[in-house]
Each structure stands twice: as C-alpha cells, then as structure tokens.
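Right, one structure below, let's go through it.
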Amino acid sequence: MSQNQTVPTREVARRVFAREFNDGSYTFKESEDERAPLYLLLPTGERANRVFLVGTLTEKEDVGEDNEYWRGRIVDPTGTFFVYAGQYQPEAASALRDLEPPAYVAVVGKPRTYETDDGSMNVSVRPESISTVDAATRDRWVVETAERTLDRVDHFDDDGNEYARMAREQHDLPVDDYVDAAASALGSLDDTDELEEPEEEAPA
C-alpha cells in the first residue's frame with residue numbers, strides 16, 4: 001500500500017439494546033465504493049457499522065453442515081441477540097466452541113440482516129470478538145447503553161439529524177418504546193445475579 005492511500009479507520013462500536021437492535025432491519029451505504037461500510041439504521045436515529053453488546057450466553061449450537069458454524073443466543077434485559085461465527089471469524093467461533101452457557105459475554109461485531117422465508121427481516125451479529133466478563137461489567141454496560149439510548153432519543157428531533165429523518169422514513173417506530181426499554185433494563189439491575197445459584201433457606 002502506498003503512503004498516499006489512507007488506511008480506513010474502524011467504525012465506532014455502538015452500544016445498543018437487543019430490543020432496538022432487532023427493530024433496526026434497514027441497512028445502507030453512504031457511497032458507491034464496494035468497500036464502503038454497510039450501516040444498520042437504528043430506530044433512535046443513529047447508524048451502526050459495528051455494535052458492542054454484553055449479555056448472558058444462554059445457548060450455543062454448531063449449525064454448520066460441512067464446516068463449523070456456531071450460533072449463540074445472548075440475552076440482555078430487553079431481548080435476545082443472535083451471533084453467528086464460522087471459518088471467517090475463527091477467534092469468535094473458537095470462543096463459542098469453548099464457552100459453556102450460561103456465561104456473561106462481551107461481543108464486538110457487525111450487524112447482518114437477512115430475509116426469512118415469510119418475507120420478514122431478521123438481524124444478527126457477526127462477531128469480531130467474544131470474551132467472558134463478570135456481572136459488574138454487564139451491569140456497567142446496561143447503564144452506559146441506557147445512557148446512549150436516551151441521548152439518541154433526546155436528539156431525535158434535532159434539526160439536521162439526518163439519521164433520525166431516515167429512521168422516521170424507514171422504521172416509523174415510536175422512540176418512546178426505547179426509553180421504556182432503557183428504564184426497564186436499568187430496573188433489572190436491582191435483581192439478583194441470574195448466574196448465581198439461589199441460596200437455600202435455612203431450616204427453621
């Protein structure tokens with residue numbers, strides 16, 4: 001590569017809850033370049049080429065035929081993410097192979113959409129990395145993701161917010177739903193750690 005060519009910078013990994021992520025079924029590019037980033041349009045008015053999520057890996061399965069192709073089900077307080085990793089994501093595939101659910105995991109990856117047989121659009125994540133984390137990290141992600149979600153909603157009606165305008169055209173979903181989801185997620189932090197075994201009551 002010549003020094004005149006710019007090295008593409010990595011896109012910011014957006015924090016987003018599963019509830020909003022799964023509603024964001026519209027993707028777009030901002031240039032005709034075949035290498036241009038593909039963005040998922042979030043209903044709260046933001047574009048996401050990469051996402052950062054933390055949740056509980058509840059299931060994993062090798063759904064490949066000729067080669068390993070792992071599917072993981074990751075749950076946050078608002079819903080479920082599905083991640084898929086195969087031979088082109090060797091580190092993430094290896095992580096899914098070795099992990100034993102349930103486990104808290106942090107995932108950075110790219111959104112992918114696909115149309116089902118009935119014509120609806122599903123959204124999944126192609127992970128770049130999967131790592132195990134503790135409950136405190138999961139809780140911190142919930143707080144930060146709630147803050148980012150509420151911030152996007154606060155700026156949804158700003159003049160010049162082109163992605164919010166696109167979200168109105170493509171999704172037309174009430175953004176207050178994501179305020180409620182964020183509040184519900186924050187409320188869930190008062191619950192006990194779901195990975196811990198419930199304590200047995202002492203005999204009277």
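Small disclaimer: the values here were computed from a predicted structure and weren't measured.
Using a 4.5 Å cut-off on side-chain heavy atoms (C-beta onward), R112 and Y84 make no contact. With contacts defined as side-chain heavy-atom distances shorter than 4.5 Å, the pair F81/V107 does not qualify. Annotation: side chain of T27 is not in contact with side chain of P111 (no heavy-atom distance under 4.5 Å). Residues R140 and V133 have side chains not in contact (no heavy-atom distance under 4.5 Å, counting atoms from C-beta outward). Between R19 and D177, the closest side-chain pair of non-hydrogen atoms falls below 4.5 Å. The shortest distance between side-chain heavy atoms of E59 and P101 does not fall below 4.5 Å. Y104 has its side chain out of reach of T137: every pair of non-hydrogen atoms, C-beta onward, lies at least 4.5 Å apart.
Between R148 and E46, no side-chain nitrogen of the basic residue sits less than 4.0 Å from a carboxylate oxygen of the acidic one, so the salt-bridge criterion is not met.
Note that NZ of K110 is 12.0 Å distant from CG of L40, once rounded to the nearest 0.5 Å. The CG atom of D98 sits 11.0 Å away from atom CD1 of I130, with the distance rounded to the nearest 0.5 Å. In this structure, the separation between CG on N122 and OG on S25 is 9.5 Å, given to the nearest 0.5 Å. Summarising the geometry, atom CZ belonging to F17 is positioned 11.5 Å from atom CG belonging to L53; distances are rounded to the nearest 0.5 Å. With values rounded to the nearest 0.5 angstrom, L150 atom CG is found 13.5 Å from Y178 atom OH. One finds the CG atom of L41 at 11.5 Å from the CG atom of D23 (value rounded to the nearest 0.5 Å).
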Pair W70-V83, side chain to side chain contact (heavy atoms under 4.5 Å, CB included): steps then yes or no: CA-CA 8 Å; W70 288 92; V83 300; over 6 Å; no
Kindly indicate, with the supporting measurements, whether the criterion salt bridge (charged side-chain N to carboxylate O under 4.0 Å, His left out) is fulfilled by D157 and R168. CA-CA 10 Å; D157 293 321; R168 286 192 199 92; 3.0 Å; yes
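Side chain of Q87 to backbone of N67: no donor-acceptor contact under 3.5 angstrom is found. Although no hydrogens or angles enter the test, the distance criterion places a donor-acceptor pair under 3.5 Å between the side chain of Q89 and the main chain of G86. When atom types are taken as modelled, the side chain of R14 and the backbone of R47 share a donor-acceptor pair closer than 3.5 angstrom. Between the side chain of N22 and the main chain of T80, a donor-acceptor pair closer than 3.5 Å is present. With hydrogens and angles disregarded, a donor-acceptor distance shorter than 3.5 Å links the side chain of T149 to the backbone of T145. Checked by atom type and distance alone, the side chain of S120 never pairs as donor or acceptor with a backbone atom of T116 at under 3.5 Å.
Just one residue in the list E11, E30, K29 forms a side-chain hydrogen bond (donor to acceptor under 3.5 Å, both in side chains) with Y39, and that residue is E11.
Other residues, nucleotides and ligands contribute at most 12 non-hydrogen atoms within 6.0 Å of the CG atom of D159. Other residues, nucleotides and ligands contribute at most 12 non-hydrogen atoms within 6.0 Å of the CD atom of E91.
Across all non-hydrogen atoms, the minimal contact from S124 to Y114 is OG-CE2, 4.0 Å.
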